[in-house]
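The structure appears below as structure tokens.
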Amino acid sequence: MSEQYRYFIGIDWATESHEVCVLNAEQQVVDRKAVEHSGSGIAQFVEHLEKLSSGDPEEVAIGIEIPRGALVETLVERGYAVYSLNPKQMDRFRDRHTVAGAKDDRRDAFVIADSLRTDMKLFHRVRIDEPLVIRIRELSRTEEDVQQEQVRIGHQLRDLLRRYFPQLVELCPSVDELWFWELIELAPTPAKAAKLTRARMEKILRAHRIRRLTADEIVAQLKAPPLRLAPGAVEAASEHVLLLIPRLRMLHQQRKDIAGRIEGVLKDLGADGESGEHRDVTLLLSLPGAGRVVAATMLAEASQPLGDRDYHALRSYSGVAPITRRSGKRCVVVMRQSCNERLRNAVYHWSRVSAQCDDRSREHYAELRRKGHTHGRALRGVADRLLAVLVAMLKTGTVYKPEFRNNSPQSGELVAERI
């Protein structure tokens, strides 16, 4: 592949400016420069590339460590071949040029360009996703950030309540329910909780449709003898608690809004088909155990492998494919640690739910457990089969149906049992 390019450009990406090294096919340095990370700086760099290639972007190959960003997207939009490289691979390529461990941005740009010239097959060609996929990626990652923030503040709330009002935590150990927040606002201290009436408590439970607890149980719990703290400690802690509740409400509403937006994007993706053909999201959602979170995460984090129908890449990115370490008579197969964590969590959740609601996945899980595999290893085995089924469905454009297992291979239909 490298024979079709005249120039190989390595870009060491940075926040304010990027180091650029241009090599020709004979490994000679043609040019070096620093590109400012701004609209004018990137525009000047593109003009420089057009002069270098005489207006023919097919003569230039560009290597960089990140697969997205303003610089990358601008170059791809102008028709240049941009290849991304894993930073860990970049460290290994650097060792070929210096074993002393020296780190220099100008050298890194040269290393990327030279590695692209000699080992292009180890790079990944960058493609710009369609707007809906870009949007769902941003929404999916934002939803996870909001969820983590809500969990973090929830931990603070629980710790504060255990400090001065532990009997309140026993009513809702997760401290993440709307009725519980309303109860805290009404009774933030043991003194105010002792004055809470049964009728008021019934109104709260009825409004939030809580049936696992009764008003009498809650009132009795709140009137239990409180902890004795230093003067002013209860008032100070309860004031902090009341400041956390509005933040939790806001994050809860944001998660709800983001979930609705993701469902809307998934619906648009499924409806945006040509000649009535199913889109990838429709096929993905037809699989057992795959819901909104799984579909959104897979489209966000593995859009290119899904588009390429690359089963082996999906196994590696999601951490399903194991790692084999063989040396002499010693051979060890271990869990893959280097993968996309968001994709790993989504596939793990997918396989867990599928093992609960799908007979074939449940049988496969039970079979792996009988062989002595751990729970996690068995779920990865279930996920491996689900990914194989998904790729087969994407290649044939067939929606998943359980009855396909009983079809004969000669029928031309998707046969999940064969995978």
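Owing to the predicted nature of the structure, the values given are computational and were not obtained by experimental measurement.
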Any heavy-atom pair between the side chains of [Y] and [X] that's under 4.5 Å?
X	Y	value
V281	V265	no
E235	E239	no
N345	T297	no
S303	R137	yes
I112	M90	yes

Acceptor/donor pairs from residues 368-378 side chains to any protein atom, 3.5 angstrom cut, sequence neighbours excluded:
unit_1: R369; atom_1: NH1; unit_2: H373; atom_2: O; d: 3.0
unit_1: T374; atom_1: OG1; unit_2: R377; atom_2: N; d: 3.2
unit_1: H375; atom_1: ND1; unit_2: Y365; atom_2: OH; d: 2.7

> Do T214 side-chain atoms and E217 backbone N/O form a donor-acceptor pair below 3.5 Å?
Replying inline: yes
>> When you measure from the side chain of W350 to the backbone of P288, do you find a donor-acceptor pair of N or O atoms at a distance under 3.5 Å?
In response: yes
>> Filter on side chain to side chain donor-acceptor pair (under 3.5 Å), then keep only pairs touching residues 56-75, sequence neighbours left out; what's left?
In response: R6-E59
> H349 and R352: side-chain donor and acceptor closer than 3.5 Å?
Replying inline: yes
>> For the residue pair R152 / H155, report whether a side-chain donor-acceptor contact shorter than 3.5 Å exists.
In response: no
>> According to side chain to side chain donor-acceptor pair (under 3.5 Å), who are the partners of R92, at least two apart in sequence or on a separate chain?
In response: none
> Under 6.0 Å between the ring centres of F110 and H97?
Replying inline: yes
Between [X] and [Y], is there a side-chain N and carboxylate O pair less than 4.0 Å apart?
X	Y	result
R344	E341	yes
E301	R141	yes
R94	D91	yes
R127	D308	yes

Which residues satisfy the side chain to side chain contact (heavy atoms under 4.5 Å, CB included) test with [X], sequence neighbours excluded?
X	result
A187	A193
S174	C172, D176, E177
R249	L178, W181, E182, E185, I245

>> Please evaluate residues M393 and L287 with respect to the criterion side chain to side chain contact (heavy atoms under 4.5 Å, CB included), reporting the C-alpha separation (whole Å), side-chain torsions for both, the decisive distance (0.1 Å), and the verdict.
In response: CA-CA 10 Å; M393 290 166 51; L287 281 162; 3.6 Å; yes
>> Let's go through R158 and L161 carefully: what are the C-alpha distance in whole Å and the side-chain angles of both, what is the deciding distance for side chain to side chain contact (heavy atoms under 4.5 Å, CB included) to 0.1 Å, and is it a yes or a no?
In response: CA-CA 5 Å; R158 186 187 298 107; L161 291 175; 5.9 Å; no
